Structure formats: structure tokens, C-alpha cells
Number of protein chains: 2
Amino acid sequence: MPGSARTPRAPVKITDVAAAAGVAPMTVSRVINTPDRVSAETAARVRAAIERLGYVPNLIAGGLSSRRSRMVAAIVPTIAHPMFAGLVQTFTDAMRRAGYQVMLSLSGYSDDDAAADALLRALLGRRPDALLITGASHSAAARQMLVEAHVPIVEIWDVSPMPIDMLVGFNHAQVGAEVAAFFQAKGHDRFITISADDARALERIEGFIQAVQHAGGTMLGNTVLPAPSTIMEGRRALRDFLPQLTQRTALFCSSDLLAFGAITEAKLHGIAVPEQLAVCGFGNFELSSATEPPFTTVNVEGAEAGSLAANFLLRRLAGEPAREEDRVHVSFRIVERGST
Amino acid sequence: MPGSARTPRAPVKITDVAAAAGVAPMTVSRVINTPDRVSAETAARVRAAIERLGYVPNLIAGGLSSRRSRMVAAIVPTIAHPMFAGLVQTFTDAMRRAGYQVMLSLSGYSDDDAAADALLRALLGRRPDALLITGASHSAAARQMLVEAHVPIVEIWDVSPMPIDMLVGFNHAQVGAEVAAFFQAKGHDRFITISADDARALERIEGFIQAVQHAGGTMLGNTVLPAPSTIMEGRRALRDFLPQLTQRTALFCSSDLLAFGAITEAKLHGIAVPEQLAVCGFGNFELSSATEPPFTTVNVEGAEAGSLAANFLLRRLAGEPAREEDRVHVSFRIVERGST
DNA sequence: TCCGATTATGTTATCGATAACATAGAGAAT
DNA sequence: ATTCTCTATGTTATCGATAACATAATCGGA
């Protein structure tokens, strides 16, 4: 009799509840999943049994049978970034309200395809009903797995010419270009950048540099640091630029942490912000508005993105077909403060 | 024939791979889970079939059969706090290396027992092989569920006289007391506190106040703010204390964000730090060391806690028995910087 | 040369729930 | 009164993998 020795300790299962309530297991299942298909008295009796026995339904078994795990996987590089933190929060709340558990994975900023593929495989093996994934560039293997999962997918944070399914992102190069235009409108023509080396940060900087050069401005320098960004790295990076800051210069940082570090270091060396050095960060961290003086940055509505992503997925999970409008750009805007 | 209409699209399953490789399904399972029990040639053939068909094993089915989900659930209030961020990172890495997927849930700071219980039920329904949970005070229902899950559990962040199973935490009241002693050693006798209203923050403040009063110091005030803490709230809170800051005073904040806000605001009003106002934060956020001037805070080794917690769970998952040493206190220390 | 130990693989019976179908009883419509 | 619906519940056959047992093939040693 295989399986008889499998039971180290027997947790309560649906048949126990059914026996205790004097009904069939299926009725217990209905009380839990589709209560309006059960009479009020039966439901009450079953609920009492559930309560009494401390029954916690085995969603693994249920998921296998129904082929729906009631779980969605979310992959973000970090939640140290407020945009992701807000996004994850909103997304999780919305999905949870709809009865889905979010399985959150932090992928970090490493560009190790093998590790990313392994994570994805581990997640897909749990058969999530839907997927939220950061970034729009995936390895060929990853892309194939995603397509063959036959599950609604939202890619966030990035835009892609060829999304796998749905998309909620923005054009990072365009952010850089708009910041450049913003500076130039204020008469700047000498520029430096400090950036992390992750793909999106580099795109923003690239967009900035292109716009600067297109408008005939001068790039004095362009420091690239390993992700994730820290305040200290912003300080160190600015120190290297000190000799060039004799004339009025504009600085674009790929993160508010770098910007805060740069401003801190600049003040320490008697460089006037914004007169001598104008600074714009990215992310609209609380720090950017709450420090003294507050500094200019780019705001991206993470919460908006999270709720959009959740709505898209939920609509599809409810059986509605894919739509063209499920590929949207999240808005961003430059928040002007004392540093520019 | 029930089930025939269940297949919207047929994903590759173990029998498909087995057929393609000319072996029994069990052999495919062995290639994946216990490769040394399969001959090299067979394994190679099966791997080729897996690759060719793009097979992603259904861990739901495997989990049901083996009664091991290869998944551990982790519940933390937030990862905005660097201590939790570090802990989660280390913990996740260690568990992943050992072949376990971490299912991370953010519970927030709300003390809504019903919501917490619902989250716990949703997680336990997925039959995690182990659990990491923040805090040591649970509702009666939660405690019962945890005990009846019959799964290794680590409670972190807090100490408890009666842990459910294993514990990696520290005494928050003791942190407060040590900060008070630290201030008093520097000759302070007038004190204020600014704190979030979450349970642990309040414990730290309470420990601080008791130590102050025990030593005959004077508490000038004690602001409590809703969690989570922000820089701006630190600034606002300090503003209310301005009239009392005519004499030398020491401030203990339950978070570095509050401390940073308070220092920012103090400087703005011409109050000398640390001469007029000495400040100690909590958390050792990067901000505390990277801002100018850097400020004193309390450091708790999140990474250490995460790896301890992972080791404890892994040991038990490997079948070893519970030990007394699996209940440890994480060390904390006051990091003295320019603000005191 | 034959046998017990070892290794590689196959077979069978579940794991715990749910979809689909089946059925009994109550009330509505004619 | 009879048939038809609808509602509440039960029955059966899976979902896709793996544990435990069974068996065939290989091998070294007396």
C-alpha cells in the first residue's frame, strides 16, 4: 500500500471536514469557492466544521485539479527604488483583493541570463495564473518560456517594440531627452552625468547625451557606476568633476541617491547649487523633496503603473481578450525644485 | 470523460518527455530530482528531450505528490527598511541556493489581525515547507495555524518569551535603554523622542524613556507618528519642539528617516548639532553615514539575521531536530557619528 | 560457474482537491 | 395532476507528478 507510510502527521483535509459536517467533499469545496451554490444551512454547518477542525484548504491540490493556482508571479529588480516599491504595493493590493496571491521575486540588477532564466523556470514551474515582469529584453530561452506559458503577462518599466503580451512602461531615452531640453531651456550648455550601469539607467543617460549633442551642448563627462546606486557613490563621482565645475554646469543623475550625494559634496566644496551646478535626479524619492534645499527630479507614477498592470491582468484573467490598449506608456514628469 | 474538455492548450508534461525519450515517466522524474540514480546515457537522452520540448516541470503536481513544495514563505512588514531589505536579500539567496523558492509577502505596519490572519491562511494553503515571519506576537488564530502547520518556523526582529519554534531577534526595549545610557554618559539630562507608532518602535522608545527616568533624566516630550516614518514627519515633529530647545537636549528617533528630518529642520533653524541638540537614529540607513554631517544611529545586522534564519530552517529541513541554540539574539550596536 | 549484492529502470497507487456529469427534490406552469 | 425547471448535493474521473515497491540487468568473488 504505497502512500500509507507517507503521512508523518495528518493535517486536516477536505474529507475530514466533509465527514464532520455530514456532506460530500464537493460540498465543502463549494462552500469555500462558490458559496452561493450551497444552501445557507449546509454552508453554516460546513463552516462550523472548518472552524472546529482548523481546516486550511490545500491550494496545491486544488490548483492541480482546477489548473488555476490563484497566484501571480512578480519579478522586479529591487524594491529599494520607490517607484518599484509603490508599484509592488499597489499591484499586490489589487491582486490580493481579487483573490490572487502575489509571489514576489527580486532579481537584482545583475545581467546574468542564466540566473534570470533559472528564476523564471522556478516560477513558471509553480504555474502562476499570470506574470508581471520587469524589463522587456529577455534571453531567447526566457522569451520562449514566457510565450509557452500561455498566461497573461505584463512587462513593466520599459517599452519594447515587440512586447510579449501587455506592457506598462515608458521610454527611458525620452526621459533623458526631456531633462536635457529642460536644462537647455534654462540656458545651460555644459553638462555632466552620473549614472548606474543598469540597462535602463544607461538608456536615460544615452537619451540625455544625444539630446545635448543634437542641440550643440558640451558633454564634460559621464561617470558610470555599478548598480545599485548609493549616496556615497554620488559624492565620490562628483569629487572627480570638481576641477571642471569652474563654470556653470548642469548634472543629470540616473538616481536621486546619486543626485543627493552630488549635491551634498558640492555644497561641502562651496559650489553653489543651482547657480554653479544645476542638478536633476530621477525617481522622486522622498529625499528629493524633504531634504534642504529640495532638488529637481523626474517622477514616474509607480502606483499608477501597479494598478494599471493589475487591471490588465485581472481583465484577462476574467476571460476578456487581449486589446491594443493594454500596451500603455506610464507618464513621467520633471518636478522642478531648488536645484535647477 | 471528464477532464477531456479541461485542456485549453496542452502544456508539455512528464509523460510527453518520457515518450519522446523512450523511458518511463519516473525516469524523467529521476533525471530531474536525483540524477545520480540514472545512467549517464539515459540522462542525456532525457535531457535532450526536455530541452527539445521545452518542458517545465509542474511543481504543483510534484508538490502534491511529494508533500514538499520546495517553497518557503517569508512575511515582513516592509523592505523599505534597510535592515529588512538586507535580511530578505541574504535569506532569499541562501534558500535559493538550497533549492527553495522564497515567497515574499509584505504585511505593512497595520495591526489588523484579520488581514494578517487572512494572509497567513493564504500562504499556509500553499503548504510552504518552512516559514519566516516578522514579529513574535500573533493572534490566537494565527498562532494555532502556525503550530498546526507542523513546519519549521523562524520568528525574526523581535524576541518573545514563548517562541513558536525558532527565533532570530533582539530586545527593542534594550536598544532604547542603551541609547539612553549612551546619551547620559555624555552628560545629557534633557530628552525628547520622535517615534513611529508600530509596536517595535514603541518598545524602543519605551525602553529609552524608562532608562532616562530611572537615571533621573527629564523627558521633555515624546511625539508618536503613524508608521511608516518619513523624513518630512521628522521635520514637522522637530518644529514642535523648537521652543524647548533653548538648552542642550538629546533626541532619540525610532528611525533614521525621522532623525535625518529632525537634523535637517534643526539646522534650518540655527540649532547646532550636536552642541545644542544631540541626535541618535535607528537603522543605520545609508543616509546616516552618507549625509553631511553623518549622524549617530543604531545598527542591526540584517544580513546576519537573514543568514542565521536561513541556516536554522535549512538544518531543520534537512531533518535535524530542534535545538535550544536556534533561539538567538541578533547583535546591535550604536554607531557613533557627528550628531552626538 | 553460480549467487547475492548492486544498479538501472519500470509499475502501481496515491497526494487532496475540483470539473463535469448525475440525480433527487421542490416549486412553477399548463 | 403532470411535466418541466431549477436548485442543492452527490459521484466519478481526473489534474501531473512522485514514493514505494518490483524487476531486470550487471558484476565481483568464492
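Bear in mind that the values here come from a model prediction, so they are computed numbers and not experimental data.
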Next on the checklist: Checking contacts here: which listed nucleotide (dG10(C), dG16(C), dA17(D)) is nearest the side-chain heavy atoms of Leu64(A)?
Outcome noted: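 Nearest to the side chain of Leu64(A) among the choices is dG16(C).
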Next on the checklist: With a cut-off of less than 4.0 Å, is there a side-chain N or O of Arg67(B) near OP1 or OP2 of dG16(C)?
Outcome noted: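 So the side chain of Arg67(B) is within the cut-off, an N or O lying under 4.0 Å from OP1 or OP2 of dG16(C).
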Checklist entry - Reckon Tyr55(A) has a side-chain N or O less than 4.0 Å from the OP1 or OP2 of dA17(C)? => result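 Tyr55(A) to dA17(C) OP1/OP2: side-chain N or O found under 4.0 Å.
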Less than 4.5 Å apart, any side-chain heavy atom of [X] and any of [Y]?
| X | Y | result |
| --- | --- | --- |
| Arg52(B) | Arg47(B) | no |
| Met145(A) | Ser139(A) | no |
| Asn58(B) | Arg67(A) | no |

Next on the checklist: Going by the rule side chain to side chain donor-acceptor pair (under 3.5 Å), which residues pair with Gln144(A) if we only count those two or more places apart in sequence or in a different chain?
Outcome noted: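 In terms of side chain to side chain donor-acceptor pair (under 3.5 Å), with neighbours along the sequence ignored, Gln144(A) is linked to Glu148(A).
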Given atom [atom1] of [X] and atom [atom2] of [N], what is their separation to the nearest angstrom?
| X | N | atom1 | atom2 | result |
| --- | --- | --- | --- | --- |
| Arg68(B) | dT18(D) | CZ | P | 10 Å |
| Asp16(B) | dG16(D) | CG | P | 9 Å |
| Arg37(B) | dT9(C) | CZ | P | 13 Å |
| Asp36(A) | dC6(D) | CG | P | 17 Å |

Item to check | Given Val102(A), Leu104(A), Val88(A), the one that forms side-chain contact (heavy atoms from CB on, under 4.5 Å) with Leu104(B) | outcome: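 That would be Leu104(A).
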Checklist entry - Taking it one step at a time, do Met166(B) and Ile153(B) satisfy side-chain contact (heavy atoms from CB on, under 4.5 Å)? => result CA-CA 6 Å; Met166(B) 298 180 282; Ile153(B) 296 175; over 6 Å; no
Item to check | Polar side-chain atom of Thr27(A) near backbone of Val23(A) as donor-acceptor pair, under 3.5 Å | outcome: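 Side chain of Thr27(A) to backbone of Val23(A): no pair is present.
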Next on the checklist: Enumerate the side-chain hydrogen bond (donor to acceptor under 3.5 Å, both in side chains) contacts for residues 305-316 of chain A, please, sequence neighbours excluded, ordered by first and then second residue.
Outcome noted: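 Listed by first then second residue: Asp165(A)-Arg316(A).
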Checklist entry - Is any side-chain N or O of Ser66(B) under 3.5 Å from a base N or O of dT18(D), one able to act as donor and the other as acceptor? => result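 Result: no qualifying N/O pair found.
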Next on the checklist: Can you list, in residue-number order, the parts of residues 38-45 of chain B that come under 4.0 Å of DNA chain C, counting heavy atoms only?
Outcome noted: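 Of all residues in residues 38-45 of chain B, the ones placing a heavy atom under 4.0 Å from DNA chain C are Val38(B), Ser39(B), Thr42(B).
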Next on the checklist: Roughly what angle, to 10°, lies between the helix axis at the start of the helix from dT1(C)-dA30(D) to dT30(C)-dA1(D) and the one at its end, five pairs per end?
Outcome noted: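 Taking five pairs per end, the axes differ by 40°.
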Item to check | Carboxylate-amine/guanidinium contact Asp16(A) Lys13(A), below 4.0 Å | outcome: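 Answer for the salt bridge query: no.
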Checklist entry - What parts of residues 24-35 of chain B reach DNA chain D, counting only heavy atoms under 4.0 Å away? => result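 Heavy-atom contacts with DNA chain D come from Met26(B), Ser29(B), Arg30(B), Asn33(B).
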Item to check | Contact summary for Val38(A) and Ala43(A), nearest pair of heavy atoms | outcome: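 Smallest interatomic distance, heavy atoms only, reads CG1-N, 3.8 Å.
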Could you list the donor-acceptor pairs under 3.5 angstrom formed between side-chain atoms of residues 123-135 of chain A and any protein atom two or more places apart in sequence or on another chain?
unit_1: Arg126(A); atom_1: NH2; unit_2: Ser69(B); atom_2: O; d: 2.4
unit_1: Arg126(A); atom_1: NH2; unit_2: Arg70(B); atom_2: O; d: 3.1
unit_1: Arg127(A); atom_1: NH1; unit_2: Leu124(A); atom_2: O; d: 3.0
unit_1: Arg127(A); atom_1: NH1; unit_2: Val56(B); atom_2: O; d: 3.3
unit_1: Arg127(A); atom_1: NH2; unit_2: Val56(B); atom_2: O; d: 2.7
unit_1: Asp129(A); atom_1: OD1; unit_2: Ser69(A); atom_2: N; d: 3.0
unit_1: Asp129(A); atom_1: OD1; unit_2: Ser69(A); atom_2: OG; d: 3.4
unit_1: Asp129(A); atom_1: OD2; unit_2: Ser69(A); atom_2: N; d: 3.3
unit_1: Asp129(A); atom_1: OD2; unit_2: Arg70(A); atom_2: N; d: 2.6
unit_1: Thr134(A); atom_1: OG1; unit_2: Ile75(A); atom_2: O; d: 2.6

